[in-house]
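This report refers to the structure that appears directly beneath it.
Below, chain A is the first sequence line, B the second, and so on; all start at residue 1.
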Amino acid sequence: MSSLFDDIPLPGLDAPAPAAPAEDEPPFEGDGPAFVDAYEGGAYEEEIPDGLFQSFDPSEPVPASYYRNGAAHPVIDPDTLLDGMNPQQREAVVHAGSPLLIIAGAGSGKTRVLTHRIAHLLAARHVQPGEILAITFTNKAAGEMRERVEALVGPRAKAMWVSTFHSACVRILRRESKRLGFTSSFSIYDAADSQRLMALVCRDLDLDPKQFPPKSFTAKVSNLKNELIDEDTYAAKAENPMERKLAEAYALYQRRLREANALDFDDIIMTTVNLLQAFPDAAEHYRRRFRHILVDEYQDTNHAQYMLVRELTGGASGQGPKKTVDGEFVNPAEAQLAEIPPAELCVVGDADQSIYAFRGATIRNILDFEEDYPSATTILLEQNYRSTQTILTAANSVIERNSNRRKKNLWTAGAEGVKIVSYVADDEHGEAQFIADEIDKLSDKGDAKPGDVAVFYRTNAQSRVFEEVFIRVGLPYKVVGGVRFYERKEVRDVLAYLRVLANPEDAVPLRRILNVPKRGIGDRAEAMIEALASRERISFPQALLRVDEAYGMAARSANAVKKFNDLMAKLRGVVESGAGPAAILEAVLEETGYLAELQTSTDPQDETRVENLQELAAVALEFEQEEPVEGPDGEPVTQPGLPGFLERVALVADSDQIPDEDGEGRGVITLMTLHTAKGLEFPVVFLTGMEDGVFPHMRAMTNAKELEEERRLAYVGLTRARERLYLSRAVLRSAWGQPSYNPASRFLEEIPVTLVDERRTAAAAGPSGFGSRAGGSGLGGSRLGGSSAGGGSGFGSSQSGRRSGPAAGWGKSAGRMNDRPMVTLAVGDRVTHDRFGLGTVVSVTGPADDAKATIDFGAEGTKQLLLRYAPVEKL
DNA sequence: CCGATAGCGCTTTTT
DNA sequence: GCGCTATCGG
């Protein structure tokens, strides 16, 4: 495929398309799995739709000889599953009898190991597919895994649960909903819904939004749920006023959810754990069923997910149910549980790639696995099948700076590869321009096509410049992430209608659509309904139906509400007539006038809105026409109809996909954040904005833990590159409308200079040699100040750099010639101020001789200081 | 009630 | 520099 590799033979590089599933793996060597005639899975003989086998991932070719007489059930020789694997991978595939931790470095063939392990369980250990539960974090990962397992073992794979944490739990909860006090058609609130509900709750509690911001309450409640702390437990230990208010809000929030027959994302996990703990017979059911549990990306699990895995597995060995001192079971029903041996657990992860601590993921889960499961075996996968040794060495030396880390050394049997290219631009436009030029060059030389290239950045806001420049020079690109399809206003509006139809008691979407499109039901009318609801102790949706009793409501408003009620009744009629999701959606678009409003609008944006709604309608139709898939026990994997559609939509909140390699096409450049990049790989990677304050992000720099997470993010970014890696930064960058000078990212210094080809250094960039950092032995452009050879971008009337000693901070920044020497500060520097005392520099902005610094003086507060005058001294 | 405008604040975000 | 929210005037 990529001509990039013509002179650098690496194993595994003829693997899939650039944006293909992350862990690329060595191709099958030998003839692929052969078949033996010992297939025993007769229980799963089902008819196979025509063409089923044509849709498999081409990266794992399934030779025609795979099937006996073209029959649908491949039977695998266990040994051939191990072909082409290294010793550690083999061990991971065949290991049996105790909990297994696979530490899989980036690009070490993790997915291959997982899928082959599953196939091996079936082929060699007589495990039934229905006994397998494989959990991932994303639908995409689940889909890929299922597909690849199916390619290995055939349709038997359908009986396995291969799903995300959330869909697995929803499936359990639907089945058990009755004993938990809600109906099986419960709604699922996404982050935006939760936020909305919390805002309502805070308003009801008369909380001052300045003092008790609903946003932070939402986040805190989410954290509590991730820690499995329910509202009562929290209320019992709330101490200060803030905590007590939070406890109140949490309780009311939960009450409202329950009234709305809804669960939020975090509830889905927490409630499942509660279920398994509270109902031993439910736990027994799942423990008997799932004898093999595999968890991907274990480093990203939070406490609730950790406990879920533990409950499903049956705990670590020796961790039985509670007993009294006499050895009697506290709960007799639990006696049954004790008889079930724990399931075999296999978790895969890489602590160095844990980048979601901010969402509650705790690296502890993977670090302490061996203590949690004392009989555990650990296997380390260090051989990399993705990148050149140069790239791996760079990644290794960066991640090594993290403390408390299990040592790991990625290596490849492949080539050294070309050097990493570094580039220092004057500003962010220059950076984007360089990247565009470089892609052009690679393209002309035939070294890479746009589809091979990815541009990574720390924050979404950084994508704009690249878009501007790429549009100007005519490079095809696609931005991944940002505002997602299901987060778009029009999509959410229309889905809100569907949700109300599916669950009339769900107040959050109901209030959303009450006046959308505009129909004369304003805040005042809404408040009246709310008052009625609390007066009569009924829910908001019920109050709405009794508008006539709303005291003091203007006749006009009341009429509007009645018309709305009629509208909803009519739509409900459509639902009751047995129409499918697509037809219901169409009725909503028509009857509400939503579509008409968009179509008659002159706003050009509304055109794309209409397209998005058409897209949504297409999704609904597709869902409707899907064949129902049934699990082995006859329960449907997805429920049909409107509730099923809504569940799908709630749990698959990402339809923006990474661009596919479209046949012979040259593909498009992929732009995305570093977080989104996790799990992907590209022949050519540009890591941009390599500046302290940008990456690592300003907010993460003062905290050692967060800084380590940023470093892991850097590690993730570096290891996405197969062949060519570029690191770029801008001396001057405008953020939030304000220009600011940023020093080189500390991560740059952590890469050995010998690996780097410095295409343009700080000395050549910007006004007079900005950017070398203290101790800059790395590639941070450690040349001396020097004249602005590259022609600085012409501000600051560029004096030559008067560097203040070896630790130059953000380079020169002496004020005008005659001014007293101005202190040069870098983010993170410690300073003293004549009046405020000790402080830490949070940020530095503004043009060279007019620079402002934000300094955190602790108890004295955070001050903005004009450095020209400020009586500060660097320590 | 609705549209316009001022003001604030602002990483990352698998579900 | 932008997008969401709160507030005001019509």
Side-chain angles (χ1 to χ4, degrees), chain A residues 22 135-143 163-170 188-195 199 203 209-210 213-216 219 222 225-226 263-269 296-297 299-302 304-305 353-361 456-462 464-465 480-484 486-487 489 515 517-527 554 556-557 560 647-654 656 658 672-680 689 693-701 703 706 709-710 712-714 716-717 734-739 843:
Chain A
I135 307 179
T136 63
F137 274 85
T138 68
N139 291 294
K140 188 163 167 271
S163 67
T164 63
F165 272 102
H166 291 264
S167 14
C169 287
V170 165
I188 296 167
Y189 276 21
D190 68 13
D193 298 322
S194 304
Q195 202 125 126
R203 226 174 53 196
K210 290 257 153 33
K215 255 191 175 170
S216 85
S222 171
K225 289 180 177 179
N226 289 161
L263 294 170
D264 68 20
F265 275 154
D266 304 308
D267 281 334
I268 289 174
I269 312 290
D296 195 11
E297 306 279 18
Q299 78 281 353
D300 287 338
T301 49
N302 60 36
Q305 289 157 339
Q353 291 185 68
S354 159
I355 54 175
Y356 286 106
F358 71 94
R359 286 191 85 252
F456 299 156
Y457 34 79
R458 177 65 237 266
T459 65
N460 283 120
Q462 288 166 253
R464 261 194 45 192
V465 210
V480 179
V483 186
R484 283 186 285 273
Y486 289 104
E487 285 167 17
K489 180 184 178 299
N515 200 29
K518 293 261 141 62
R519 52 173 72 90
I521 307 173
D523 293 345
R524 198 169 159 72
E526 196 183 329
R556 191 146 59 125
S557 303
E647 175 180 321
R648 170 77 57 92
V649 159
L651 295 177
V652 187
D654 196 330
D656 285 64
I658 285 91
M672 62 179 127
T673 65
L674 283 156
H675 282 88
T676 314
K678 191 173 105 172
L680 303 175
V694 175
F695 183 40
H697 194 273
M698 214 172 76
R699 302 251 297 246
M701 285 198 307
N703 174 311
E706 288 182 47
E709 178 145 319
E710 296 282 303
R712 291 193 290 270
L713 195 53
V716 166
S734 294
W736 298 321
Q738 277 268 316
S843 70

Review point. A/Arg699 has a side chain; which of B/dC1, B/dC2, B/dT11 sits nearest to it?
Key: B/dT11
Check your understanding: Can you check whether A/Phe265's main-chain N or O pairs, donor with acceptor, with A/Tyr189's side chain at less than 3.5 Å?
Key -> no
Exercise for review: Using atom CG of A/Asp266 as one end and atom P of B/dT14 as the other, report the distance to the nearest whole Å.
Suggested key: 14 Å
Review point. For A/Arg464, which contact category applies under a 4.0 Å heavy-atom criterion: base, sugar-phosphate, or nothing?
Key: sugar-phosphate
Review point. Taking the side chain from A/Arg712 and the backbone from A/Ser354, do they hold a donor-acceptor pair closer than 3.5 Å?
Key: yes
**Study point:** Protein-nucleotide distance (A/Met698, atom CE; B/dG9, atom P), rounded to Å
**Key:** 14 Å
Check your understanding: Taking for each residue the nucleotide of DNA chain B bearing the nearest heavy atom, is the 5' side occupied by A/Phe137 or by A/Leu713?
Key -> A/Leu713
Check your understanding: Could you give the CD1-to-C1' distance, from A/Ile188 to B/dT14, as a whole number of Å?
Key -> 16 Å
Point to revise | Contact nearer the 5' end of DNA chain B, comparing A/Glu710 with A/Gly520 | key: A/Gly520
**Study point:** Between B/dT12 (C1') and A/Glu487 (CD): distance, integer Å
**Key:** 14 Å
Check your understanding: Quick one: A/Gln462 CD to C/dC2 C1', roughly how many Å, whole number?
Key -> 16 Å
Check your understanding: Base, sugar-phosphate, or nothing for A/Tyr356, non-hydrogen atoms under 4.0 angstrom?
Key -> base
Check your understanding: Does A/Phe358 stack onto the base of B/dT12, taking stacking as ring centres under 5.5 Å apart and planes under 30° apart?
Key -> yes
Exercise for review: Would you indicate what A/Ala525 reaches in the nucleic acid, counting non-hydrogen atoms under 4.0 angstrom: base, sugar-phosphate, or nothing?
Suggested key: sugar-phosphate
Practice item. Say whether, by atom type as modelled, one donor and one acceptor occur between the side chain of A/Glu709 and the main chain of A/Ala357 under 3.5 angstrom. Key: yes
Point to revise | Nucleotide nearest A/Phe265 when distance is taken to its side chain, options B/dT15, B/dT11, B/dC2 | key: B/dT15
Exercise for review: Mark yes or no for whether A/Glu710, through its side chain, and A/His697, through its backbone, hold a donor-acceptor pair below 3.5 Å.
Suggested key: yes
**Study point:** Test item: A/Asn703 side-chain N/O and A/Ala700 main-chain N/O as donor-acceptor pair under 3.5 Å
**Key:** no
Exercise for review: Name the closest nucleotide to the A/Thr138 side chain, picking from B/dT13, B/dT11, B/dT14.
Suggested key: B/dT14
Practice item. Can you figure out which of B/dT15, B/dC1, B/dT13 approaches the side chain of A/His675 most closely? Key: B/dT13
Exercise for review: For B/dG3, take OP1 and OP2 only and decide whether either is under 4.0 Å from a side-chain N or O of A/Lys518.
Suggested key: yes
Exercise for review: Return the value, rounded to whole Å, for the distance between atom CG of A/Asp523 and atom P of C/dT7.
Suggested key: 12 Å
Check your understanding: Base, sugar-phosphate, or nothing for A/Asn460, non-hydrogen atoms under 4.0 angstrom?
Key -> sugar-phosphate
Review point. Per the atom types in the model, does the base of B/dT15 pair as donor or acceptor with the side chain of A/Arg359 at under 3.5 Å?
Key: yes
Practice item. May I ask you to decide if the ring planes of A/Tyr356 and A/His675 are parallel, tilted or perpendicular, using 30° and 60° as cut-offs? Key: tilted
Exercise for review: Look at all strands and tell whether A/Glu706 reaches a base, only sugar-phosphate, or nothing, counting heavy atoms closer than 4.0 Å.
Suggested key: base
Practice item. Give one of base, sugar-phosphate or nothing for A/Glu709, where a contact means two heavy atoms less than 4.0 Å apart. Key: nothing
Point to revise | Interatomic distance, A/Gln305 CD vs B/dT13 C1' [rounded to whole Å] | key: 13 Å
Review point. Glycosidic conformation of B/dT11, syn or anti, with 90° from 0 as the boundary?
Key: syn
Review point. Are the side chain of A/Asn139 and the backbone of A/Leu651 linked by a donor-acceptor contact shorter than 3.5 Å?
Key: yes
Review point. Does OP1 or OP2 of B/dT15 have a side-chain N or O of A/Ser167 closer than 4.0 Å?
Key: no
Exercise for review: Give one of base, sugar-phosphate or nothing for A/Ser557, where a contact means two heavy atoms less than 4.0 Å apart.
Suggested key: sugar-phosphate
Review point. Tell me: CD of A/Glu297 to P of B/dT14, nearest whole Å?
Key: 13 Å
Review point. So does A/Thr673 get a side-chain nitrogen or oxygen closer than 4.0 Å to the phosphate oxygens (OP1/OP2) of B/dT13?
Key: yes
Review point. Are the ring of A/His697 and the six-membered base ring of B/dT11 within the stacking cut-offs of under 5.5 Å and under 30°?
Key: yes
